[in-house]
Chemist: 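Below is one structure. I have some questions about it.
A, B, ... follow the sequence lines: proteins, then strands. Residue 1 opens every chain.
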Number of protein chains: 2
Amino acid sequence: MTITAPTYKDIAARKVAERDAKFATHWLIPEDKLPSADVKDVLHWIAKSGYLTPAEIEITESPVATILDNIKSRKWTAVDVTSAVCHRASIAHQLTNCLTEIFFDEALERASELDKFQQETGQVVGPLHGLPISLKDNFNIKGQATTIGIVNFCFNPEKFDEDAVLVKMLRAQGAIFYVKTNVPVAMMMPESTNHIWGNTTNPMNRSLSSGGSSGGEAALIKLRGSPIGIGSDIGGSIRIPASFQNLYAIKPTFGRFPTYGARSGLPGLESVNSVNGPLGTSLDDLEFYCKAVVDSEPWNHDAKCVEIPWRDIELPEKLNIAICIDDKFIRPTPPIRRAVRIVEESLKAAGHDVIEWVPEDHLRLSEIISAFFLSDGGIHVKAETEATGETIFPYMKPYESAVDISVSQLWKLHAERTKLIKKYLDRWMATAEVTKNGKPIDAIIMPVTPFAGNPNGKFHNYVGYTSPFNVLDYTVGVFPVTRADQELDPRDEESANYNSEDNAVWSDFDPSANHGGAAALQLIGRKFQEEKVIAMMKVISELINYSD
Amino acid sequence: MTITAPTYKDIAARKVAERDAKFATHWLIPEDKLPSADVKDVLHWIAKSGYLTPAEIEITESPVATILDNIKSRKWTAVDVTSAVCHRASIAHQLTNCLTEIFFDEALERASELDKFQQETGQVVGPLHGLPISLKDNFNIKGQATTIGIVNFCFNPEKFDEDAVLVKMLRAQGAIFYVKTNVPVAMMMPESTNHIWGNTTNPMNRSLSSGGSSGGEAALIKLRGSPIGIGSDIGGSIRIPASFQNLYAIKPTFGRFPTYGARSGLPGLESVNSVNGPLGTSLDDLEFYCKAVVDSEPWNHDAKCVEIPWRDIELPEKLNIAICIDDKFIRPTPPIRRAVRIVEESLKAAGHDVIEWVPEDHLRLSEIISAFFLSDGGIHVKAETEATGETIFPYMKPYESAVDISVSQLWKLHAERTKLIKKYLDRWMATAEVTKNGKPIDAIIMPVTPFAGNPNGKFHNYVGYTSPFNVLDYTVGVFPVTRADQELDPRDEESANYNSEDNAVWSDFDPSANHGGAAALQLIGRKFQEEKVIAMMKVISELINYSD
């Protein structure tokens, strides 16, 4: 008898079957009752479908603080909340394919324990008592796998035996974990697709990508299958999906939130560090989460965290904001440029001081971060993908031809980076010379990508708007501004003709294909300014008043 | 005619001659009036020599705050102070060979400008108005060279055209720079000797080394040729010289003080970062300096600095202190062990909670940091030393045989380090289980080296007591405890027999050769706890009441 080793497809199929068996069948909607594939915008489909009870809708559309207050006041039990969220997450998955690991049973059991604790003691276990939080796939959870889109990790290990530090800290405060969400292979592609779970689509327009690498999170949260979720970002991986789903999000400075115990696609890379942060549907939710994490003193749990408490921020009455509409390498498409103008005009109308930001060295910073990503010669990524023979996505081709450079070469890149980030800071501080009040800018606002969403599989692999701020390690927030509109955002401009990539972006821009896509922007603050970035996004969001 | 390229000795001789020409001849003491080479302890020689005026002695032996107050109140001018300090520094150099660049003229000119400013405005320019500060050689100063012990840097460049960020910030606050101080080749040896300037000896016992790499600073400050000075530390380079001269010092966490614009022996190394901090004769002086630096917001000037203001610290009435007397790899020599027992007994007598700290992973952490230092294959060091053909000191031999490893190998070391520093933090926090008040330790106290000073040229090249805390990036302070005494510290113990290096240390220990050597210890706090480390050292120093 010949035993044939399982192919990567066999392994993936087994993994998916195991996950699928964990969905509660009474929560799943029969295939023929789901919206057909040609229904692109499914944003409001769940609430209108009739499959959720009014109570479930109310719970899943409530802000984090309301959920917690209602549990505390015993209007809702933790089981009520968890059950509603698991139910809605199941449907969100049916609409967008956003989930990887699911563990509703454990979640409901934990919710039940928390309810019992509250009944017996009259107390909550912590500030997050009963709050379901979704997690990007890379966070290790006791009892679950962490596949990060690599087939070889499906059963390797089959279960982690310890929670990541962040998970442990949130759990101690009462958070409930119930799902992990989809990512690209090794989390190093701009679309959340891989050979295990397939592609996660965008609920605002399912012909568009959810983005990557935190695409599963963004799709799930957008459909209210999660009150708040955690993504990670080393080149744009929180910001791109948040922007493609018009969510609010924070990419913090490294050291503000704990990172220990998350699985990395590039383990040991420290020239630039992956950070994690929340994605959500409101700034209050983000602020609540950030404060809860920092208040629990991550520096006592993660050796790389910095002892900076969560601080009260008083913003100046009028902000100094620099705006960049175009990095001069790839011109943003019309809906994104419209979004920038909306913000610029709103700020000016409200009396804030707006200046122009001309990016310098962004291209070189992007090149340096790419060099860091590839600096081990792709050895780790190749070893893991080759282990099962899974085919390589075009986005991952650079890892195939990468060279394991020498440390002396790496040091040269570091030395160059040291100069570039000093120059960037000096330019930031020098804005004091052109602002009306003689103080430097409080923030820079610019696009997250040139795109208001991108057709599945057709992302132009350009992260030059996001990755410089990973090299700089600045705090960055994402906030929604508008949606792409084929009437408002026509092809009535000339190409900027910066270069062939820029021309390709312009020639591919299709107002009707993009219709309904999200047009969000990023707000860049300085290092460790998470409080201030949220506060500034609040000011701007109140001016814009976006809703969908 | 044949032109012969200058040898490294020619280049060095020219550089030294240029420096020597800058000493003011009226300040120099004739050779035959200096103490002879067999006078080892020159600590109090200058004050008793009759070469300084009583006013000069008063100025140079005053605390930093007194100097600044007396300038502010116009009791002293900045010129008075600078002149006295330059005069004493000149003699300190004659006794220990501690200076590299000298620029007394510029210093006196600046002092004169500051006096004029004060006369005209009634104001001081900043909190450091008129304070002379000495700098380790690696800080770039406009108009001066930065040789860091490498002959090829003598005239390459001959002058830097910009101050290091720290220098610029301190200058803006009124500090006056007048000298730079000696270091080892590339600052990567434990004794401050090189082929340009030669060796800096220890003023407590000139047959002993001043230590490295901030040895010139420590010798100068100990002789009061500087009110306060700045060293740097990537493996022990502030702490070893501070301990060998019984000074107070702070090795901060990276990011607390600005580092941009200092010349590195290993440029681009970021796996572990060089930090700078003050060495001084009192904790009040250190505190004054640290607060002045942080109050001037280094994060606005150095892209790698962290926005943590200088904080008021309230210590618990009783501290929880862990003590380590022996790392079980090299047992400290008797004077150091006596110093540890003095501190332990003082703490216990004052009611503090003292527990034992058993180091784990220190050896591996030391190995990892050595691997980081050598990870570029010594290419940079070799290129610079080979450029002039200077001979290689035995301490630097590892750089000759080092291998320029691949980034994939480096990533493995990083990943291992990430686990080790997490384990260290967890062990620290777990001390809460054994302390009386159920809180974790506030600090660890342990030796800086096994030695109370070391004969010149005979340092056992072991930095296993200091370098783990560079990998961990903890804040560390150094404080003096006692002096080696041939009566109190005899060879009456057995060797610990840990290994051959340990045996060599024991067999080389000579109570009479060590007599008078400094026995200082380090106090280890957590990351970014500079305020708390100083405050804790104050508590302990008041109990010990050391003076020399």
Chemist: Testing the basics here: between B:V407 and A:D376, what is the closest heavy-atom pair and its distance to 0.1 Å?
Modeler: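 So the minimum-distance heavy-atom pair works out to CG1-N, 4.0 Å.
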Chemist: Under 4.5 Å from any heavy atom of chain A, what part of B:F372 do you find: side chain, backbone, both or neither?
Modeler: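 Just the backbone, heavy atoms under 4.5 Å.
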Chemist: Please flag which part of A:Q529 lies under 4.5 Å from any non-hydrogen atom of chain B: side chain, backbone, both or neither.
Modeler: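 Contact with chain B is through the side chain of A:Q529 alone.
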Chemist: Between A:K419, A:K412, A:K423, A:Q409, which shows the greatest number of heavy-atom pairs under 4.5 Å with chain B?
Modeler: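 Highest number of pairs under 4.5 Å: A:K419.
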Chemist: Determine whether more than 12 heavy atoms belonging to other residues, nucleotides or ligands lie under 6.0 Å from atom CG of B:D161.
Modeler: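 Counting other residues, nucleotides and ligands, CG of B:D161 stays at 12 neighbours or fewer.
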Chemist: Near A:K382 NZ, under 6.0 Å, is it more than 12 heavy atoms from other residues, nucleotides or ligands?
Modeler: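 Yes, because the 6.0 Å sphere around NZ of A:K382 holds more than 12 heavy atoms from other groups.
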Chemist: What pair of heavy atoms forms the shortest contact from A:F373 to B:W411, and how long is it?
Modeler: O-CH2, 3.8 Å
Chemist: If you count heavy-atom pairs under 4.5 Å with chain A, which of B:L413, B:I379, B:I308, B:D473 comes out on top?
Modeler: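 Top count of heavy-atom pairs under 4.5 Å with chain A: B:I308.
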Chemist: Could you check which of B:C305, B:G261, B:P440, B:S406 has the highest count of heavy-atom pairs closer than 4.5 Å to chain A?
Modeler: B:S406
Chemist: Sort out for me which of B:L266, B:L472, B:V403 touches chain A most, counting heavy-atom pairs under 4.5 Å.
Modeler: B:L266
Chemist: Quick one: of B:D426, B:L269, B:T253, B:I405, who has the most non-hydrogen atom pairs under 4.5 Å with chain A?
Modeler: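 So the answer, after comparing B:D426, B:L269, B:T253, B:I405, is B:L269.
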Chemist: Counting heavy-atom pairs under 4.5 Å with chain B, which one of A:M429, A:H380, A:H414 comes out on top?
Modeler: A:H414
Chemist: Can you say whether B:K304 sits under 4.5 Å from chain A via the side chain, the backbone, both, or neither, judging by heavy atoms?
Modeler: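 Both backbone and side chain.
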Chemist: Applying side-chain contact (heavy atoms from CB on, under 4.5 Å) to A:T418 and B:E270, what does each step give before you reach the verdict?
Modeler: CA-CA 10 Å; A:T418 296; B:E270 294 190 358; 3.5 Å; yes
Chemist: Please classify the contact between B:V165 and chain A as side chain, backbone, both or neither, with a heavy-atom cut-off of under 4.5 Å.
Modeler: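 Contact with chain A is through the side chain of B:V165 alone.
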Chemist: For the NZ atom of B:K532 and the CD atom of A:E307, what is their distance to the nearest 0.5 Å?
Modeler: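 So the NZ of B:K532 and the CD of A:E307 are separated by 8.0 Å.
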Chemist: What heavy-atom pair brings B:W299 and A:R526 nearest, and what distance separates the two atoms?
Modeler: O-NH2, 2.6 Å
Chemist: Using heavy-atom distances under 4.5 Å, tell me whether B:D302 contacts chain A through its side chain, its backbone, both, or neither.
Modeler: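 For B:D302, the contact with chain A is made by the backbone alone.
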Chemist: Do other residues, nucleotides or ligands put more than 12 heavy atoms under 6.0 Å from the NZ atom of A:K168?
Modeler: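 Enclosed: over 12 neighbouring heavy atoms sit under 6.0 Å from NZ of A:K168.
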Chemist: For B:S408, does its backbone N or O pair with a side-chain atom of A:D404 as donor and acceptor, under 3.5 Å?
Modeler: yes
Chemist: Determine yes or no for a side-chain-to-main-chain donor-acceptor pair under 3.5 angstrom, with A:K527 supplying the side chain and B:A303 the backbone.
Modeler: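 Confirmed, A:K527 side chain pairs with B:A303 backbone.
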